[in-house]
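In listed order, ligands and their atoms are each counted from 1. Since the model is a prediction, treat every value here as computed from it, not as a measurement.
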Amino acid sequence: MRILLVEDDADLQRLLKRALSDAGYVVDAAGDGEEGHFLGDTEPYDAVILDLGLPKMDGVRVLEKWRKAGRTMPVLILTARDRWSDKVAGFDAGADDYLAKPFYTEELLARVRALLRRAAGLATSEIEIGPLRIDTRASRVTLDGNPVKLTSLEYRLLSYLAHHRGKVVSRTELVEHLYDQDFDRDSNTIEVFVGRLRRKLDSNLIQTVRGLGYCLEIPGAARDEDRAKA
Ligand code: CA
């Protein structure tokens, strides 16, 4: 899952970026509204954390522009404690959630999990697919109740596929959502990671859809694409 963080307070930006990375997300950070707007307009993000008081372009304006351009990613706005009118303006501009400063990092992480969950249509922070269980709060994975040790990239890959269960996810999409903007992107490495993940999990759970990409689903269950055709 790839997250855009737009925050001009350098200390807060650093702290949040670290916390989000530790939680297993790929994070791109921007320090002003123009850069933030550009990134959100051109890169695919699973969620955005957007401060409202920003230099060059304020957060509400950034959000309005994204929504007008049809960008639908979930956005959590950061507001000043006593500015209720900011919250109203933020929601009217298309925000999905807000958090007033100062806040506990744990609460921000919980809200981000909830945004990603809702976007994926999941009910809880635990994802269960056949024998596979992913606890997105603790970034822990079990198979038939036994813990599976994954590297952070393997976990990111699995989590992304699980949030898009039953859908075919292309290699390009995976590269875009698993690496940050500065990473030297090579979609061939995705194949290697999928191979490793398959060896660690029940190999039938991650299916290759020739020419299209990968799909995480219980073998035998119909994929979304197949259901649509039926
Ligand atoms: Ca600010």
Side-chain angles (χ1 to χ4, degrees), residues 1-120 122 125 136-139 152 156 159-160 163 176-183 185:
M1 298 287 176
R2 189 169 168 204
I3 291 177
L4 172 63
L5 168 65
V6 191
E7 170 59 66
D8 60 316
D9 178 329
D11 289 338
L12 185 60
Q13 188 197 95
R14 205 174 313 122
L15 186 133
L16 295 180
K17 192 173 178 184
R18 163 73 62 84
L20 289 160
S21 304
D22 286 350
Y25 302 111
V26 178
V27 187
D28 291 336
D32 66 66
E34 269 177 17
E35 192 195 356
H37 170 260
F38 174 76
L39 284 173
D41 209 32
T42 52
E43 297 285 326
Y45 292 104
D46 299 294
V48 177
I49 298 162
L50 177 67
D51 184 31
L52 289 190
L54 291 168
K56 294 191 184 171
M57 194 192 299
D58 75 74
V60 170
R61 181 89 189 100
V62 170
L63 187 51
E64 277 172 356
K65 288 183 73 160
W66 282 337
R67 296 311 193 211
K68 206 173 248 176
R71 309 289 290 173
T72 57
M73 66 282 195
V75 174
L76 180 148
I77 52 172
L78 302 178
T79 67
R81 170 68 61 193
D82 49 349
R83 299 284 296 274
W84 66 268
S85 55
D86 281 359
K87 292 170 205 161
V88 174
F91 277 118
D92 282 340
D96 299 276
D97 197 4
Y98 81 93
L99 203 49
K101 292 179 181 178
F103 52 82
Y104 288 100
T105 311
E106 277 308 316
E107 185 177 355
L108 178 80
L109 293 175
R111 286 181 183 275
V112 168
R113 282 196 298 274
L115 282 180
L116 295 171
R117 200 159 70 214
R118 250 176 269 145
L122 297 167
S125 57
T136 61
R137 279 174 61 190
S139 307
S152 67
R156 273 187 257 154
S159 171
Y160 191 83
H163 277 84
E176 282 175 346
H177 289 264
L178 300 183
Y179 300 119
D180 63 38
Q181 53 173 341
D182 301 324
F183 196 86
R185 293 159 175 196

Exercise answer: donor-acceptor pairs, residues 68-75 side-chain atoms, under 3.5 Å, sequence neighbours excluded:
unit_1, atom_1, unit_2, atom_2, d
Arg71, NE, Gly40, O, 2.9
Arg71, NH2, Gly40, O, 3.0
Arg71, NH2, Glu43, O, 2.8

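- When Tyr25, Tyr160, Tyr45 are each tested for a ring pair (Phe, Tyr, Trp, His ring centres under 6.0 Å) with His177, only one passes: Tyr160.
- Around CZ of Arg113, the count of heavy atoms belonging to other residues, nucleotides or ligands within 6.0 Å exceeds 12.
- Counting backbone and side-chain atoms alike, Leu52 contributes no N/O/S atom closer than 3.0 Å to the Ca ion (ligand 1).
- Rounding to 10°, one obtains 80° for the angle at the Ca ion (ligand 1) between OD2 (Asp51) and O (Gly53).
- Among the backbone and side-chain atoms of Asp8, an N, O or S atom lies under 3.0 Å from the Ca ion (ligand 1).
- Applying the salt bridge (Lys or Arg N to Asp or Glu O under 4.0 Å) test to Lys56 and every residue at least two apart in sequence or in another chain returns Asp32.
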